[in-house]
Amino acid sequence: MISRIDLRGAALPEGGALRDLLPRAEFDVEAALEKVRPICEDVHHRGTAALIEYAQKFDGVTLEQVRVPVEALKTALDELDPAVRAALEESIRRARIVHREQRRTEHTTQVVPGGTVTEKWVPVERVGLYAPGGRSVYPSSVVMNVVPAQEAGVESIALASPPQKEHGGLPHPTILAACALLGVDEVYAAGGAQAVAMFAYGTSGPDGCPPANMVTGPGNIWVAAAKRYFTGRIGIDTEAGPTEIAVLADSTADPVHVAADLISQAEHDPLAAAVLVTDSAELADAVEKELEPQVAATKHVEDRIKPALAGKQSAIVLVDSLEDGLKVVDAYGAEHLEIQTADAAAWAARVRNAGAIFVGPWAPVSLGDYCAGSNHVLPTGGCACHSSGLSVQSFLRGIHIVDYTRDALAEVTHHVVTLAEAEDLPAHGAALKARFGWKVPTP
């Protein structure tokens with residue numbers, strides 16, 4: 001059901017050579033880019049008409065308008081299962097607790113007497129958030145996108161999610177209910193690359209969508225490709241690829257827990273990655289044995305879980321020691337990394353590359369997906385080696401405010417003029433000399 005990679009018995013290679021030995025799904029955004037380009041430009045030129053046409057082509061629904069009526073949001077919330085509502089409210093509450101603490105404050109540094117630099121944090125003016133709607137419904141992604149944007153102080157928030165044939169061309173009602181709970185009433189029935197294009201270019205008309213400064217949220221390869229296409233025109237969070245879990249475990253780990261956690265990510269998508277890194281062959285055997293009955297007892301077996309576990313992106317990786325295991329998980333840079341070892345907190349503290357780290361047997365990835373308070377929009381495909389998950393900071397821009405008096409400028413002018421001339425940019429220096437009668441003040 002799941003392959004093995006045996007890295008025991010020899011020194012591990014460094015850097016890219018080690019990464020090349022590890023499993024990873026194929027996710028060719030560059031190839032997809034050529035397919036989404038005409039879709040994006042069609043939305044640019046035809047706006048809402050193009051969105052309606054693509055809803056018919058890709059989602060099998062006929063739309064009269066793309067914007068979801070506010071009444072539909074209210075109805076979805078009124079009809080929401082009370083238990084689901086309570087769970088969403090708790091998820092929102094915990095996410096707000098964590099994300100509110102991330103808000104940065106303005107700070108002024110006095111560089112010299114009379115010379116200060118202030119860094120102020122300004123939220124993005126308008127963001128477009130994307131909530132997937134393919135194999136599963138993800139109201140949790142609505143929470144994870146909206147809460148940090150709101151806590152950052154973003155004034156204008158819009159959300160897009162694919163229209164659903166079984167729901168009359170509206171996004172899934174649980175998505176709509178989550179929006180209503182969060183106070184987001186600008187919602188569009190649009191999916192895929194066309195939704196990203198709608199946010200990037202904007203559309204006109206009675207139910208038109210003003211352009212956004214930034215687009216965030218997970219999606220399929222077409223969403224990722226559209227994000228790449230518009231990079232530079234809009235800000236993005238990341239080009240999210242298939243979800244992934246890595247578990248660093250030793251002989252103290254419970255194979256029932258490990259198997260369950262690997263399956264929990266595999267049920268997302270046939271390209272989802274489930275990776276166990278362990279120095280215990282006994283644990284590896286026990287987990288492999290445990291996978292069979294747990295997979296047989298759940299849903300989505302043939303179309304998602306079995307292909308995901310059997311795919312080239314999933315494996316049990318055997319190493320000589322936890323030290324080697326740490327090198328492997330750092331090279332892998334997992335979206336979700338569980339540490340199920342003795343003294344798990346100490347090992348977790350040494351991890352450099354992961355989207356989020358889950359410590360010990362009582363912090364499974366599923367907790368982070370919904371109710372830990374952390375954010376589940378995380379870097380995939382090894383991008384955790386250089387990128388962070390979605391947070392309040394994702395929606396803030398740091399702006400430096402430089403304030404110098406005449407004396408403070410005079411004191412440093414000779415250095416500025418010297419550096420300007422060293423770079424053969426004499427007009428830079430002249431901009432200062434002009435303020436002092438074209439003479440360089442004596443320090």
Side-chain angles (χ1 to χ4, degrees), residues 1-5 22-23 87 91 94 136 140 242-269 272-301 304-311 313-319 321-326 328-330 332-351 353-374 376 378 380 384:
M1 182 175 291
I2 189 169
S3 64
R4 292 199 183 194
I5 298 173
L22 303 178
S91 177
R94 294 185 180 211
S136 299
S140 57
T243 191
E244 57 200 25
I245 181 176
V247 182
L248 177 62
D250 62 13
S251 60
T252 68
D254 187 328
V256 174
H257 296 175
V258 175
D261 294 350
L262 295 176
I263 294 168
S264 73
Q265 291 305 113
E267 76 172 336
H268 275 286
D269 188 279
V275 177
L276 168 62
V277 180
T278 182
D279 63 346
S280 170
E282 292 76 15
L283 177 70
D285 292 339
V287 169
E288 195 163 7
K289 183 178 179 181
E290 185 63 35
L291 286 173
E292 296 285 348
Q294 288 199 34
V295 168
T298 191
K299 292 177 66 178
H300 314 304
V301 174
R304 303 183 205 174
I305 294 174
K306 282 188 176 180
L309 293 177
Q313 72 273 15
S314 299
I316 296 174
V317 181
L318 292 168
V319 292
S321 66
L322 283 182
E323 288 290 344
D324 282 350
L326 183 62
V328 168
V329 297
D330 267 339
Y332 185 72
E335 177 189 18
H336 310 95
L337 174 63
E338 290 187 358
I339 308 293
Q340 297 200 36
T341 65
D343 202 6
W347 286 103
R350 295 178 59 193
V351 173
N353 302 325
I357 304 171
F358 300 82
V359 183
W362 309 115
V365 167
S366 298
L367 174 65
D369 283 342
Y370 299 111
C371 285
S374 57
H376 81 198
L378 301 167
T380 60

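Bear in mind the structure is a predicted one, so any value in this text is a computation, not a measurement.
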Smallest separation among heavy atoms of Ala384 and Gly333, with atom names: CB-O, 3.5 Å
Atom pair OG/CD1 of Ser264 and Ile305 - distance to nearest 0.5 Å: 9.5 Å
From Val301, Val295, Ile245, residue fulfilling side-chain contact (heavy atoms from CB on, under 4.5 Å) relative to Ile263: Val295
N/O donor-acceptor pair under 3.5 Å between Arg94 side chain and Gly373 backbone: no
Test item: Pro364 and Glu338 side chains (from C-beta on) under 4.5 Å apart, heavy atoms: yes
Any Phe358 side-chain heavy atom under 4.5 Å of Ile339 side chain: no
Arg350/Glu323 ion pair, N-O < 4.0 Å: yes
Check: Ser3 and Ile316 side chains under 4.5 Å, non-hydrogen atoms: no
Any donor-acceptor pair under 3.5 Å from Gln294 side chain to Val256 backbone: yes
Distance-only donor-acceptor check, side chains Asp261 and Gln340, under 3.5 Å: yes
Sub-4.5 Å side-chain heavy-atom contact between Val319 and Val277: yes
Considering all heavy atoms, the nearest Ala315-Pro23 contact: CB-CG, 3.9 Å
Distance-only donor-acceptor check, side chains Glu335 and Thr380, under 3.5 Å: no
Partner of Ile5 under side-chain contact (heavy atoms from CB on, under 4.5 Å), chosen from Val317, Val328, Leu22: Val317
From Leu283 atom CG to Thr341 atom OG1, the distance as rounded to the nearest 0.5 Å: 11.5 Å
Polar side-chain atom of His376 near backbone of Tyr370 as donor-acceptor pair, under 3.5 Å: no
Backbone N/O of Asp330 and side chain of Asn353: donor-acceptor pair under 3.5 Å: yes
side-chain contact (heavy atoms from CB on, under 4.5 Å) between Arg4 and Leu318, intermediate numbers included: CA-CA 7 Å; Arg4 292 199 183 194; Leu318 292 168; 3.9 Å; yes
Side-chain heavy atoms of Gln265 within contact of His336, under 4.5 Å: yes
Stepwise side-chain contact (heavy atoms from CB on, under 4.5 Å) check, Val258 with Leu276: CA-CA 8 Å; Val258 175; Leu276 168 62; 4.0 Å; yes
Heavy-atom check, side chain of Asp369 versus side chain of Ser140, under 4.5 Å: no
Minimum heavy-atom distance Ala274-Ile2, with the two atoms named: O-CD1, 3.8 Å
Sidechain-backbone polar pair: Ser314 side chain, Ala308 backbone, donor-acceptor under 3.5 Å: yes
Thr278 side chain vs Ala249 backbone, donor-acceptor pair below 3.5 Å: yes
Test item: Leu262 and Val287 side chains (from C-beta on) under 4.5 Å apart, heavy atoms: yes
Spacing of Thr252 atom OG1 and Asp254 atom CG [to the nearest 0.5 Å]: 10.0 Å
Validation row: Val351, Leu337 side chains within 4.5 angstrom (heavy atoms): yes
Test log, rule side-chain contact (heavy atoms from CB on, under 4.5 Å), inputs Glu267 and Lys299: CA-CA 8 Å; Glu267 76 172 336; Lys299 292 177 66 178; 5.7 Å; no
